[in-house]
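Here the structure is laid out as structure tokens; the discussion comes afterwards.
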Amino acid sequence: MKTVMAKHAVLSSGAKMWRSLSCAKSELRLDLTLACGQSFRWRETAEGHWTGVMAGRVWTLTQTDDTVWYHVYKDKGMQGEGCDSKRGAGVSLQMGNKSDKSFKGALKKEEQEEPVAVTSVHDTEEEEDMLRDYFQLNVKLGDLYEEWGAADPHFKCIADVFTGVRMLRQDPTECLFSFICTSNNHISRIQGMVERLCQALGAPLCQLDQTSYHNFPSLSALADSSVEACLRDLGFGYRARFLQQSAKQILDTHGLQWLEGLRGVPYVQARDALRTLPGVGTKVADCVCLMSLDKAEAVPIDTHVWQIAKRDYNYASGNAQKSITDKLHRDIGDFFRKLWGPYAGWAQSVLFCADLKKFQKLKEMPDLKQPLKEEKGGGEMRVAYKKTKIKTEEDETVKAMETKSAGRKKAKVSV
DNA sequence: CTCAAACCTGT
DNA sequence: CAGGTTTGA
């Protein structure tokens with residue numbers, strides 16, 4: 001009676017369970033995009049195979065030269081039973097949050113009791129749409145790389161190796177609460193924390209090999225008064241309170257749909273709205289704007305990006321500062337927006353990715369199919385930026401609006 | 001508006 | 001100290 005334990009899918013064994021999506025590696029590199037610190041939910045479960053939870057389902061993704069292969073696990077067995085009220089709410093609330101029409105059918109399907117998981121044509125189309133939405137495949141990354149490279153020699157240099165680094169369009173709730181965990185913290189610990197968070201408070205989805213996969217917790221699950229103590233036990237430290245308080249504040253003063261509604265609000269307004277939440281400062285707010293709220297111009301500035309600005313762009317302003325001030329945030333963000341344009345946040349993620357320790361080996365051994373580009377002296381690249389004008393006039397919309405809305409945590413947003 | 005210190009925990 | 005935020009001078 002004990003069912004055979006399900007396993008992670010592998011492309012080489014059982015091609016029938018895989019579906020495909022035409023997509024060149026220059027448009028999407030799964031390994032870089034999924035492991036560069038945007039989402040903390042994907043794991044490499046086999047060589048080049050990435051497994052994680054997205055839109056309430058468990059996926060394994062892999063790719064060949066011109067194709068992305070995906071498999072969606074169907075496990076009705078674990079749903080609808082064995083979850084407490086908090087978790088139960090997790091499923092429906094999570095799905096209810098989706099405003100996109102393409103996700104409409106999801107809630108109904110979960111509630112039905114189909115004995116066998118037959119994948120209908122409708123499911124197939126729906127899931128392909130989910131992927132296209134999540135990876136924002138309508139955005140032509142190759143064209144953007146061309147533009148950034150034309151405007152910025154240093155970017156062009158990096159871009160030859162780090163192609164296909166693409167911004168994910170994440171669920172706003174998952175994105176916000178994951179990034180509240182990032183303060184004063186490093187990626188490896190954040191990954192563990194987010195995993196424990198989902199395991200403790202998220203609805204279970206399925207189990208593969210020794211790993212159980214859970215949905216990200218709902219707002220109401222996170223807002224429960226018992227959550228802070230629970231998360232402190234799980235090693236969240238002072239962030240435990242931030243998570244619970246932010247969830248409660250959103251539900252009490254804004255409502256369930258508020259976060260998603262910020263997608264339709266201008267960047268600066270959305271960012272200031274987020275900053276009213278405990279544990280959410282400038283950097284975290286920018287991350288959420290960029291990675292889940294469709295604000296491509298948001299450039300999250302952390303100490304690491306500051307180092308990049310100083311080292312590769314000869315950014316001198318704020319040298320006296322010991323740490324990043326609010327003003328420095330604004331100035332560096334404006335600097336990069338001026339350089340890269342409306343998708344500056346996407347460009348920044350490429351450089352950020354290229355600077356991660358775990359990807360350094362790619363710089364030494366580029367693609368074999370591509371002949372080595374001729375070495376360009378790094379020193380000369382920098383000279384080009386020696387005299388780069390850092391400050392610009394008040395002509396930028398973003399800047400103008402920022403100075404206007406100075407009252408930080410007071411900002412009231414009517415959505 | 002700027003600045004430093006404290007905040008949890010793991011390396 | 002770490003990919004930060006809050007708080008009080």
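Every chain is numbered from 1, with letters handed out A, B, ... down the list of sequences. Values below: every heavy atom of this structure, side chains too, minus hydrogens, waters and symmetry copies.
Take A247(A) and apply the side chain to side chain contact (heavy atoms under 4.5 Å, CB included) test, not counting sequence neighbours, and it matches F177(A), L219(A), L222(A), A223(A). Residues satisfying the side-chain hydrogen bond (donor to acceptor under 3.5 Å, both in side chains) test with Y134(A), not counting sequence neighbours, are W42(A). By the side chain to side chain contact (heavy atoms under 4.5 Å, CB included) test, D233(A) pairs with no residue at all, sequence neighbours left out.
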For this session: Toss me the dot-bracket line for DNA chain B: Watson-Crick and G-U wobble, both under 3.5 Å, 5' to 3', using | for pairs to another strand and [ ] for crossers.
Result: .||||||.||.
Between the protein and nucleotides 4-7 of chain B, list the N/O to N/O atom pairs that are separated by less than 3.5 angstrom.
unit_1 : atom_1 : unit_2  : atom_2 : d
dC7(B) : N4     : N184(A) : ND2    : 3.4

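Distance CG (N185(A)) to P (dT11(B)): 11 Å, rounded to an integer number of Å. Note: CD1 (I190(A)) to P (dT9(B)) measures 16 Å, nearest angstrom. Rounded to whole angstrom, the span from the CZ atom of R239(A) across to the C1' atom of dG3(C) amounts to 12 Å. Taking atom CE of residue M193(A) and atom C1' of nucleotide dT11(B), one finds them 15 Å apart after rounding to whole Å.
Projected onto DNA chain C by closest heavy-atom contact, R189(A) and K283(A) fall at different nucleotides, the more 5' of which corresponds to R189(A).
For dG4(C), one of the phosphate oxygens OP1 or OP2 lies less than 4.0 angstrom from a side-chain nitrogen or oxygen of T303(A).
Using a 30° and 60° split on the angle between ring planes, H71(A) and Y73(A) fall in the perpendicular class, above 60°.
With distances taken from any side-chain atom of K327(A) to the nucleotides dT2(B), dC3(B), dG3(C), the minimum falls on dT2(B).
Within the structure, no pair that satisfies the side-chain hydrogen bond (donor to acceptor under 3.5 Å, both in side chains) test touches residues 135-148 of chain A, not counting sequence neighbours. Judged as a salt bridge (Lys or Arg N to Asp or Glu O under 4.0 Å), the pairs with a partner in residues 279-296 of chain A (not counting sequence neighbours) are, in order, R169(A)-D294(A). Counting only residues at least two apart or in different chains, salt bridge (Lys or Arg N to Asp or Glu O under 4.0 Å) contacts with residues 207-221 of chain A are absent. Residue pairs that meet the salt bridge (Lys or Arg N to Asp or Glu O under 4.0 Å) test with at least one member in residues 346-357 of chain A, sequence neighbours left out, are R311(A)-D355(A).
Among the heavy atoms of the strands lying under 4.0 Å from F352(A) is at least one base atom, whether or not backbone atoms are also near.
Comparing the same atom, P, in dT6(C) and in dG10(B) gives a spacing of 23 Å after rounding to whole Å.
The pair E127(A)-K74(A) meets the salt-bridge criterion, with a side-chain N (NZ, NE, NH1 or NH2) lying under 4.0 Å from an Asp/Glu carboxylate O.
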